[in-house]
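Because only heavy atoms are used, hydrogens play no part in the values below, and waters and symmetry mates are left out as well, while side chains stay in. Chain identifiers are assigned alphabetically (A, B, ...) following the order of the sequence lines, protein sequences preceding nucleic acid strands; residue numbering begins at 1 within each chain.
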There are 2 protein chains.
Amino acid sequence: MYSISEVAAKVNIKPHTIRFYEKEGIIEPLRDENGVREFDDALIKWLMFIKKLRETQMPITDLKKYALLFKEGDHTARERLMLLENHQKKIQHQIETLKATDEMLDGKIAAYKKHVLNKSHR
Amino acid sequence: MYSISEVAAKVNIKPHTIRFYEKEGIIEPLRDENGVREFDDALIKWLMFIKKLRETQMPITDLKKYALLFKEGDHTARERLMLLENHQKKIQHQIETLKATDEMLDGKIAAYKKHVLNKSHR
DNA sequence: GTAACTGTTAAAGTTCACTTTAAGGCAAGC
DNA sequence: GCTTGCCTTAAAGTGAACTTTAACAGTTAC
């Protein structure tokens, strides 16, 4: 079992943000007899998953939806699947966008380098 | 020469946003004798470039910086180069992040599919 | 026993990139 | 002559995802 700050360090999400996620219904940590949050390995995995989804721009609302569906049980698996597939499509589209701009920048940068190099010879 | 709404259609940026970019000093369209904005091909290219940079999350402040440097003239080429290289690095990093999550999702999705398929047989 | 960490609620603030509204006025095409 | 599209300034609003503040209190480690 880990404390909120241990988890924060482990997954690189601030304690504040972790509490915020809880308020949003995205996580539901256990509590000890004093009401202090306790995080087990499953929850840490879930937080790492959240991290990856957020890094790839999944909106908080979708995260909420996913967490809610999970809590509702097994029969929501198909819906959760669709949510993930949907997000994957967005990711793949964004990869293409980024690649295209990356390549365009290759050209631009090459031109600039040539130009700057010329100048430095005078 | 193109009007603002023609340009808006061409580059898929709303007239409002184009005016906003002008206010921010990112573009500087010509004006006709009535003060109506006129866009030439060079400006349209610049707007398309802006579009690509925004789609890849370059902040408006960097766009401003770039436009300002450009206006300052040739001697700022090195600085503009650095700006673009910097942005390219971010793009490449983001591509890696997206790819990693894409692959993780492949695994998750496969597991869900197996699960959902099982259920549908009962 | 005191500093460090934990907790609470509720609200306000921040940043970013627009987007919208208001309220008016000029100019061109049918 | 009226609709459509263009112009202006200035300000307010939006949505997303935190982040911060306030103000207080309990618990644990050294």
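Looking only at distances, no side-chain donor or acceptor of A:Glu79 sits under 3.5 Å from a matching main-chain atom of A:Thr76.
Close to D:dC18, at under 4.0 Å from its OP1 or OP2, lies a side-chain N or O of A:Arg54. For A:Tyr21 and D:dA17, the shortest distance from a side-chain N or O to OP1 or OP2 is not below 4.0 Å. Side-chain nitrogen and oxygen atoms of B:Ser5 include at least one within less than 4.0 Å of the OP1 or OP2 phosphate oxygen of D:dC6. Contact annotation: B:Arg19 side-chain N/O to C:dT19 OP1/OP2 distance is not under 4.0 Å. Contact annotation: A:Asn34 side-chain N/O to D:dT28 OP1/OP2 distance is under 4.0 Å. In terms of phosphate contacts, A:Arg37 brings no side-chain nitrogen or oxygen within less than 4.0 Å of OP1 or OP2 of C:dT6.
Taking atom CD1 on A:Ile4 and atom P on C:dC5, their separation rounds to 13 Å, with Å as the unit. Going from atom CG of A:Asp32 over to atom P of C:dG7 covers 9 Å, rounded to whole Å. The separation between A:Glu55 atom CD and D:dC18 atom P is 11 Å, rounded to whole Å. Straight-line distance from the NZ atom of B:Lys64 to the P atom of C:dC16: 10 Å, rounded to whole Å. Taking atom CG on B:Leu63 and atom C1' on C:dC16, their separation rounds to 13 Å, with Å as the unit. In this structure, B:Glu22 atom CD and D:dT8 atom C1' are separated by 12 Å, rounded to whole Å. If you measure from atom CZ of B:Arg31 to atom P of D:dC6, you get 13 Å, rounded to the nearest angstrom. B:Ile18 places its CD1 atom 12 Å from the P atom of C:dC18, with the value rounded to the nearest Å.
Both A:Lys23 and B:Phe20 sit near DNA chain C, but only A:Lys23 has its closest nucleotide nearer the 5' end.
The shortest side-chain heavy-atom distance between A:His115 and B:Leu81 does not fall under the 4.5 Å cut-off. When side chains are defined from C-beta on, B:Ile91 does not count as touching B:Gln57, because their heavy atoms never get closer than 4.5 Å.
Relative to the side chain of B:Thr17, the nucleotides C:dT21, D:dT19, C:dC18 differ in distance, and C:dC18 lies closest. Which of D:dT21, D:dC18, C:dT8 sits closest to the side chain of A:His16 comes down to D:dT21. Checked against C:dG7, C:dA17, D:dA17, the side chain of B:Ile60 finds its nearest nucleotide in C:dA17.
For A:Glu28, the CD atom counts as loosely surrounded, since its 6.0 Å shell holds 12 or fewer non-hydrogen atoms of other residues, nucleotides or ligands.
Between B:Phe49 and B:Trp46, the two ring planes are tilted [angle within 30° to 60°].
Backbone-only engagement by A:Pro59 is indicated by non-hydrogen atom pairs under 4.0 Å involving sugar-phosphate atoms exclusively.
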